[in-house]
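Have a look at the structure below before the remarks.
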Amino acid sequence: MAKIVHGMGSPHVPSIGAAIDHHKEAEEYWKPFFDGIEPVRDWHKNNLPDTIILVYNDHASTFSLQTIPTFALGLADEFEPADEGYGPRPVPVVKGDPELAWHLANVLVSDEGFDLTLCNELDVDHGLTVPLSIAYNRPDAWPVKVIPLAVNMVQAPQPSVKRCYALGKAIARAVASFPGERNVAVWGTGGMSHQLQGERAGLLNVEYDAQFIEDLVNNPDSLEGLTYTELLRETGSEGVELAMWMIMRGALPLEVQEQYRFMHRPVSNTSYGVTILKNGEL
Amino acid sequence: MAKIVHGMGSPHVPSIGAAIDHHKEAEEYWKPFFDGIEPVRDWHKNNLPDTIILVYNDHASTFSLQTIPTFALGLADEFEPADEGYGPRPVPVVKGDPELAWHLANVLVSDEGFDLTLCNELDVDHGLTVPLSIAYNRPDAWPVKVIPLAVNMVQAPQPSVKRCYALGKAIARAVASFPGERNVAVWGTGGMSHQLQGERAGLLNVEYDAQFIEDLVNNPDSLEGLTYTELLRETGSEGVELAMWMIMRGALPLEVQEQYRFMHRPVSNTSYGVTILKNGEL
Amino acid sequence: METGYQDIPGTYVQDGEHCRKGYHLNQCLMTLNKAHCREAFRADEAAYLAGFKLTEPQRDAILKRQWLEMLRLGGNVYFTFKLAAFDGMTMQDLGAAMSREGMSGDEFRKMMLDGGRSIEGNRYVSEWEQN
Amino acid sequence: METGYQDIPGTYVQDGEHCRKGYHLNQCLMTLNKAHCREAFRADEAAYLAGFKLTEPQRDAILKRQWLEMLRLGGNVYFTFKLAAFDGMTMQDLGAAMSREGMSGDEFRKMMLDGGRSIEGNRYVSEWEQN
Ligand SMILES: [Fe+3]
Ligand SMILES: [Fe+3]
């Protein structure tokens with residue numbers, strides 16, 4: 001029997017990966033952040049799933065503007081860390097779960113009407129590997145299997161927040177119908193408020209971020225109508241990545257037990273916030 | 001104001017393209033076929049749309065098994081004929097309609113919840129160019145703009161027939177909301193019964209094909225529940241392409257005026273059938 | 001999800017299992033879309049194939065043009081046809097080479113002109129086992 | 001479809017129009033993901049850029065590292081950052097170079113430590129026009 005055991009929402013800021021890769025955790029800039037995520041790491045040590053469906057977006061690493069999938073599902077046995085312009089991160093190769101991934105593809109495309117792009121090869125960038133580093137630090141091999149779910153967040157039109165939330169719910173149904181045994185986690189990554197580009201670069205909106213986490217945890221249906229125009233305006237051009245947290249939230253039941261929440265700013269140009277949600281129906 | 005003026009369903013058998021490219025129309029094998037499509041060509045001469053949304057599938061020409069989009073929309077100014085393994089067809093470059101295509105992308109992804117893959121570069125294979133040759137013969141330049149809509153028909157899971165039909169209906173709504181002037185046609189291509197592969201190669205099922213066209217024209221809702229397993233069994237492994245005709249049919253209202261129908265077999269390994277449908281509400 | 005297609009005779013359905021088995025075979029054959037790859041393949045087939053993660057049986061089947069064997073090893077006809085076209089074969093020639101009866105290209109063309117392979121008796125594996 | 005985002009100040013939204021304008025610029029910069037492309041670019045920037053369908057202003061903006069100008073010409077920050085990283089810049093250095101105030105990297109880092117650019121007064125173009 002397969003079930004979704006937990007969800008996590010977290011940004012995937014590349015500089016967090018660089019800080020871990022270069023052992024900067026004790027530096028004055030980084031210490032408050034790494035102190036704050038220590039409980040995240042402790043929790044994950046005791047709550048390892050078999051497989052994580054890891055929702056992230058590619059940042060001009062694997063997908064150019066030539067061919068832009070709205071939702072791309074990784075079906076391979078393994079996924080190499082991508083060269084994003086300065087060599088790949090020195091992290092373990094990411095092992096996939098093709099058996100579950102193909103089941104998801106079959107159910108989501110044939111029965112649920114999600115028009116996934118199927119990927120049999122997919123280099124994964126910081127969007128996927130930084131959350132793994134946040135949770136699992138620097139292991140010789142990642143302790144879990146990962147099914148990458150890459151969402152287009154770079155090029156408008158992005159999938160609506162409503163559609164993302166619906167995909168999460170469909171993922172929950174698809175996992176429930178998997179004939180094998182699996183404890184599955186779903187992580188939604190990206191955000192929170194940040195704007196990397198233009199004259200407004202450096203924008204943060206921590207009040208909005210705090211309210212978003214609060215609503216996400218306790219009143220997710222209220223976020224369903226959220227538009228990109230609002231996210232662009234309030235959380236910055238790259239803050240729109242918060243839409244991906246809604247895939248995670250949709251995959252969990254309304255009843256969840258929040259295990260930990262932590263917010264911190266700045267991390268590079270970004271407002272950081274993390275929440276871990278346990279399935280309240282288990 | 002933009003409106004959908006007609007639809008056409010037709011196979012896109014590569015050997016038809018080769019027969020046209022090499023002027024074989026008068027040969028004994030080909031004459032009955034080209035006689036039969038003469039009325040198609042006559043009709044199109046007097047019914048040129050501005051833009052065709054041309055639904056087809058790629059056949060290992062542009063999309064490999066690495067990255068398989070379920071629905072891929074062509075947004076470019078032009079599309080080159082693909083080299084499918086023996087050089088590109090000697091046909092004109094295909095001109096796109098980026099203005100309408102981006103409108104379709106915005107409406108279909110943001111409002112209608114179709115998870116399109118957006119393509120800013122896309123080489124188009126026989127699936128797209130053969131129907132143009134069937135309708136327009138050998139012009140120096142194609143007399144219409146084309147928005148390619150490539151559907152995954154090669155790798156299971158393919159989008160369900162129900163989903164294809166729903167996409168057609170959403171396309172109709174998206175075209176209706178386009179602020180510019182356009183007469184738009186939607187062509188569904190591929191099929192009819194054929195099996196290229198395996199010990200069962202050469203399968204035809206013309207009774208099934210005839211009933212399919214009849215239902216498609218006059219009772220399309222009855223086809224919504226059609227499965228790939230039925231299509232595989234009854235029309236052969238490549239006959240499943242008939243699902244793409246349902247996108248065309250969904251884009252037209254229930255009320256249509258059939259302009260012409262013609263069936264012929266064999267064309268290479270395929271059963272051929274064509275129907276032209278005029279929007280009955282105009 | 002689609003189920004129940006396993007009992008269709010003489011048909012290699014491109015499902016997830018088939019995709020995984022034949023991935024490198026098909027990706028290899030797809031490179032023949034490029035003129036410079038066709039030239040390199042023509043110059044030295046074995047050396048060309050050495051550049052891909054093929055299994056030994058897959059490599060063999062390509063070199064020996066074992067068309068059905070390629071399908072059994074995960075091949076898909078759209079990809080294997082690129083090799084057939086490289087050899088100057090038509091889709092009818094390829095269909096003939098795969099047919100259960102082992103036809104010549106001309107016999108296959110005649111079968112098509114005579115109405116093709118009938119659907120009657122060819123829907124279920126059980127129908128083939130009876131003959 | 002999303003509308004109404006045009007009145008957000010200092011923000012280059014990657015919509016269809018932006019995509020079409022900057023397509024070749026962004027595709028060109030994305031090649032810097034590959035080590036051998038970075039080497040070729042390092043060896044001769046102008047010669048490297050000649051291999052892409054850039055407009056003259058786009059080519060200029062790349063060569064002169066005009067970061068805002070690249071955005072105006074259709075650039076997207078994920079793609080222009082590859083060039084910035086190639087130059088050894090951090091995302092803060094790039095943010096500083098694009099900021100309306102024209103800050104140094106250190107000033108930008110200090111702004112971030114002080115809470116970042118406030119959302120207040122930065123939601124609408126009209127708010128910027130008043131100052
Ligand atoms: Fe991101
Ligand atoms: Fe086809």
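Please read these numbers as outputs of a predicted model, since none were measured by experiment. Chain A is the first sequence line, chain B the second, and so forth, proteins listed ahead of strands; every chain is numbered from 1.
Of the atoms belonging to D/R72, it is side-chain heavy atoms, and not backbone ones, that fall under 4.5 Å from chain A. With a 4.5 Å cut-off on non-hydrogen atoms, D/M112 touches chain A through its backbone and its side chain both. With a 4.5 Å cut-off on non-hydrogen atoms, D/R38 touches chain A through its side chain but not through its backbone. For A/R233, the parts lying under 4.5 angstrom from a heavy atom of chain D are both the backbone and the side chain. With a 4.5 angstrom heavy-atom cutoff, A/Q195 touches chain D only via side-chain atoms. Contact of D/L68 with chain A is made through the side chain alone, with heavy-atom distances under 4.5 Å. Of the atoms belonging to D/N76, it is side-chain heavy atoms, and not backbone ones, that fall under 4.5 Å from chain A. Heavy-atom distances place no part of A/Y208 under 4.5 Å from chain D, backbone and side chain included. Looking at A/E207, there are no atoms closer than 4.5 Å to chain D (heavy atoms on both sides), in backbone or side chain. With a 4.5 Å cut-off on non-hydrogen atoms, A/E230 does not touch chain D at all.
Between the side chains of A/S237 and A/R200, no donor N or O sits under 3.5 Å from an acceptor N or O. For A/T70 and A/N152, the side-chain atoms include no donor-acceptor pair closer than 3.5 Å. Under the 3.5 Å distance criterion, with hydrogens and angles disregarded, a donor-acceptor pair is assigned to the side chains of A/D221 and A/Y165. A donor and an acceptor atom, one from each side chain of A/E84 and A/H126, are located under 3.5 Å apart.
A distance-only check finds no donor-acceptor pair linking the side chain of A/E224 to the backbone of A/P220 [under 3.5 Å].
Taking CE of D/M98 as the start and CD of A/E199 as the end, the distance is 9.0 Å to the nearest 0.5 Å.
Ring geometry for A/F33 against A/Y272 counts as perpendicular: the plane angle is over 60°, on a 0 to 90° scale with 30° as the lower cut.
Of the residues considered (A/T229, A/N205, A/V154, A/T227), A/T229 shows the highest number of contacts with chain D, using heavy-atom pairs under 4.5 Å. Contacts with chain D were tallied for A/S61, A/A18, A/A201, A/G87; A/A201 has the most, counting heavy-atom pairs under 4.5 Å.
Annotation: A/H59 is in aromatic contact with D/Y78 [ring centroid separation under 6.0 Å].
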